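All figures in this text were calculated on a predicted structure; none of them were measured in a lab. Just so we're on the same page: letters track the sequence lines, and every chain starts at 1.
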Amino acid sequence: MEKNVVLFDIDYITKDEKAVIRLFCKDKDGNQERSIIAIDESFEPYIYVIPNDFKRAEEDIRELGFEKIEKVVKKDFQVETEFLKLIFNHPQDVPKHRDTISHLASVREIREHDIPFYRRYLINNDIFPMSKLKLSGEFIDKYEGLEKSSALIFKLDSSPKSVGEDYSNFRILSFDLEVRNPKGMPDSKKDEIIMIGVSTNTGINKVLSTKDEDLDFVNVLETEKEMIKTFINIIKEENIDILVGYNSDNFDFPYLRDRAKIYNLNLDIGMDGSSIKFLRRGGYQNSASFKGLIHIDLYLVMRRYMSLERYTLERVYLELFGEEKIDVSGDKIWQYWDNGGNDLKRLFEYSLDDVVATLKIAEVTLPLSLELTKIVGQPFFDITRMATGQQAEWYLVRKAYEIDEVIPNKPNGAEFNSRKGDKNTGGYVKEPDRGLHENLVQFDFRSLYPSIIISKNISPDVLLKKDHFTGHYIKNIVSKKLDGKEPNPEDFYVAPEHFNMFAKEPVGFIPSVLGNVLNERIRIKKQSKETNDELERKSLDVQQQALKRLANTMYGIYGFSRFRWYSMECAESITAWGREFIQNTMKQAEQFGFYAIYADTDGFYAKFRQSPEYKDSENKD
DNA sequence: CAGAAACGGGG
DNA sequence: GTGTACGTTTCTG
């Protein structure tokens with residue numbers, strides 16, 4: 001049978017030493033919104049091997065005990081290249097054996113060994129989280145590891161297919177804890193939770209608490225334990241899709257976990273019946289996550305959404321809505337609680353205001369993250385925790401797969417460190433002339449850097465570059481076409497300053513992707529102008545914003561030391577051309593009597609003067 | 001001055 | 001877990 005669902009989350013488990021993909025979905029078509037966990041047992045992990053010697057490499061790899069090896073042709077920087085595709089039994093075999101394999105004398109390089117299994121699944125099956133999916137298979141009664149789950153279980157008999165239909169009615173709950181901490185920051189061993197604020201886009205606005213001040217939004221409970229239980233029940237009963245908090249990765253969820261543990265309470269709200277898990281994502285960031293129930297920490301989202309000096313909930317709220325929200329200083333909360341009366345009333349109001357504000361912020365900002373999820377094609381949870389450069393990279397990984405390009409490796413420690421030492425000059429800046437200036441004209445380039453990337457075809461696969469050590473051209477479509485002959489300068493765009501050369505033909509991978517992103521954005525903007533439906537216009541507007549963000553990320557990314565397509569030549573050529581363009585434009589403007597009084601990167605302000613002599617006399621002041 | 005440690009948000 | 005991995009400011013030796 002076939003079933004249309006919305007995909008929320010994805011992971012894999014191990015069964016009989018094989019990986020099994022689990023898709024956490026919801027049936028959003030019926031009235032019941034049942035959770036469905038789809039099982040796919042057919043997806044296999046693999047890497048690509050570039051041998052020095054095909055026969056030897058195949059023998060060596062077989063000797064290590066791997067049998068599933070096939071010769072395949074893929075493109076590498078647009079050059080058709082033969083690889084050995086090595087299929088493993090289990091995703092963990094990749095990190096376990098990749099060093100042994102890459103160090104074989106018969107092997108030059110391995111590729112695509114650093115792409116997590118669940119990401120690979122999304123990319124190879126061309127499916128997108130938070131959008132509709134068509135499942136084909138059968139419902140089954142039980143499955144290993146899902147004994148505690150109340151979701152329906154669906155076993156796939158073929159790959160899931162993307163359904164080109166939009167979905168955006170997600171059930172969102174925001175929450176916030178207040179704690180009685182008389183000394184310093186809250187200590188979860190001692191300081192009890194005194195309030196849990198809850199607000200949903202399904203109409204709930206309440207504060208759970210053990211005290212009462214005769215306010216209709218306060219839900220009084222006997223104990224802290226009952227409060228936590230009630231909170232968990234609201235999430236279950238309201239069938240919440242997305243949980244949002246503010247700094248909840250670092251405060252609310254760790255705190256809730258600790259307090260729940262004291263009372264032996266299970267936070268079993270995962271779709272598979274599992275509890276909260278804290279994912280270590282880098283040095284400082286722990287993320288609170290549930291299977292199939294998306295937790296978004298808005299603090300992280302806001303840091304990328306807008307540029308502010310601080311990101312407190314109050315500051316972000318003021319910026320977005322132009323109004324102050326109720327604020328109670330953290331170190332006074334316990335006094336308000338102990339005092340009771342009007343102080344306690346104010347604390348209840350603060351608690352409610354916090355979650356109402358958090359939900360409001362979520363409703364304004366999450367559409368953009370959702371749109372990025374649907375474009376980049378990685379889980380919503382991941383997207384909200386990724387740097388913009390990572391978002392762009394996973395988008396490019398997907399695009400590379402679509403055109404049969406093998407993906408460049410992530411840099412290893414040594415490469416990363418050497419890249420970190422590389423420096424690039426930024427945009428041209430003319431310090432402003434002092435004084436109050438009137439009647440200025442403003443000039444800007446429209447998306448200067450993306451335009452340069454496209455018009456000068458700036459991309460590592462079409463860059464003519466000699467290897468530092470061997471003196472040979474690095475392998476890409478350009479050196480392949482040269483075939484040992486000297487390059488003809490006419491066939492290249494030559495960058496100012498460093499004279500990096502980019503072939504005019506063919507179109508480079510990144511200029512091509514970027515061009516498509518910008519064209520798609522123009523198409524959507526046009527569509528938005530044509531529609532009379534206000535809701536559709538809003539949705540189209542968010543789509544074009546997401547594409548704009550993606551396009552704007554792609555210029556700086558060449559100089560980002562963790563980037564798979566890192567290229568200092570590309571990064572420095574973009575800014576060099578940028579400086580040349582703006583300075584040339586300023587010179588041209590001078591010929592018409594407009595003198596720049598200030599310039600920065602992609603634009604300047606200019607003043608009209610009768611003649612250069614007039615300008616000189618003015619400058620003496 | 002370089003390298004290590006702390007900070008951000010949260011109460 | 002096909003392991004992750006911030007950028008900036010302040011402190012310390």
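Rounded to an integer number of Å, the gap from Tyr118(A) OH to dG3(C) C1' is 10 Å. When rounded to the nearest whole Å, the span between CD1 of Ile115(A) and C1' of dG3(C) equals 14 Å. Between Asn181(A) atom CG and dG10(B) atom P the separation is 13 Å, expressed in whole Å. In this structure, NZ of Lys189(A) is placed 20 Å from P of dG11(B), rounded to the nearest angstrom. Rounded to whole Å, atom P of dG9(B) lies 14 Å from atom CZ of Arg304(A). The separation between Asp99(A) atom CG and dG3(C) atom P is 11 Å, rounded to whole Å. Distance, Leu256(A) CG to dG11(B) P: 14 Å, rounded to whole Å. For Arg119(A) and dG1(C), the CZ to C1' distance is 12 Å, given to the nearest whole Å.
For Ser199(A), the side-chain contact (heavy atoms from CB on, under 4.5 Å) partners two or more places apart in sequence, or in a different chain, are Ser174(A), Asn205(A), Val355(A), Val356(A), Leu359(A).
At the heavy-atom level, Gly245(A) lies nowhere under 4.0 Å from the strands shown. Contact annotation for Phe416(A): no contact, since no heavy-atom pair falls under 4.0 Å across all strands. Contact annotation for Asp176(A): backbone-only contact, meaning every heavy-atom pair under 4.0 Å involves sugar-phosphate atoms and none involves a base. Gln92(A) comes within 4.0 angstrom of a nucleotide base, judged by non-hydrogen atoms across all strands. No engagement by Phe253(A) is indicated, since no non-hydrogen atom pair under 4.0 Å with the nucleic acid exists. Contact annotation for Asp382(A): no contact, since no heavy-atom pair falls under 4.0 Å across all strands.
With distances taken from any side-chain atom of Asn247(A) to the nucleotides dG10(B), dG11(B), dG1(C), the minimum falls on dG10(B). Comparing dG3(C), dT4(C), dG10(B) by their closest approach to the side chain of Arg98(A) singles out dG3(C). Which of dG9(B), dG7(C), dG3(C) sits closest to the side chain of Pro95(A) comes down to dG3(C). For Tyr246(A), whose side chain is taken as the heavy atoms from C-beta onward, the closest listed nucleotide among dG8(B), dG10(B), dG11(B) is dG10(B). For Asp114(A), the listed nucleotide lying nearest its side chain is dG3(C); candidates were dG9(B), dG3(C), dG11(B).
Contact check for Ile196(A) versus Ser351(A): no side-chain heavy atoms found under the 4.5 Å cut-off. Residues Asp191(A) and Lys183(A) are not in side-chain contact: their nearest non-hydrogen atoms beyond the backbone lie 4.5 Å or more apart.
Phosphate proximity of dG11(B) to Lys183(A): absent, as no side-chain N or O sits under 4.0 Å from OP1 or OP2. Applying the 4.0 Å criterion to OP1 and OP2 of dG1(C), one finds that Tyr12(A) has every side-chain N and O outside that range.
A salt bridge links Asp11(A) with Lys291(A): the closest approach of a Lys/Arg side-chain nitrogen to an acidic carboxylate oxygen falls below 4.0 angstrom. Ion pairing between Lys15(A) and Glu41(A) holds under the 4.0 Å rule for side-chain N and carboxylate O. Of the charged side-chain nitrogens involved, none lies within less than 4.0 Å of a carboxylate oxygen, so that Asp404(A) and Lys75(A) do not count as a salt-bridged pair.
Lys548(A) NZ: 12 or fewer foreign heavy atoms inside a 6.0 Å radius.
Between Asp382(A) and Tyr118(A), the side chains place a donor N or O and an acceptor N or O closer than 3.5 Å (distance only, hydrogens not considered).
Taking atom P on both dT8(C) and dG9(B), the two are 15 Å apart, rounded to the nearest angstrom. Atom C1' of dA5(C) sits at a distance of 14 Å from the matching atom of dG1(C), rounded to the whole Å.
Of the residues in residues 306-333 of chain A, those lying under 4.0 Å from DNA chain B by heavy-atom distance are Arg310(A), Tyr311(A), Thr312(A), Leu313(A), Gly330(A), Asp331(A), Ile333(A).
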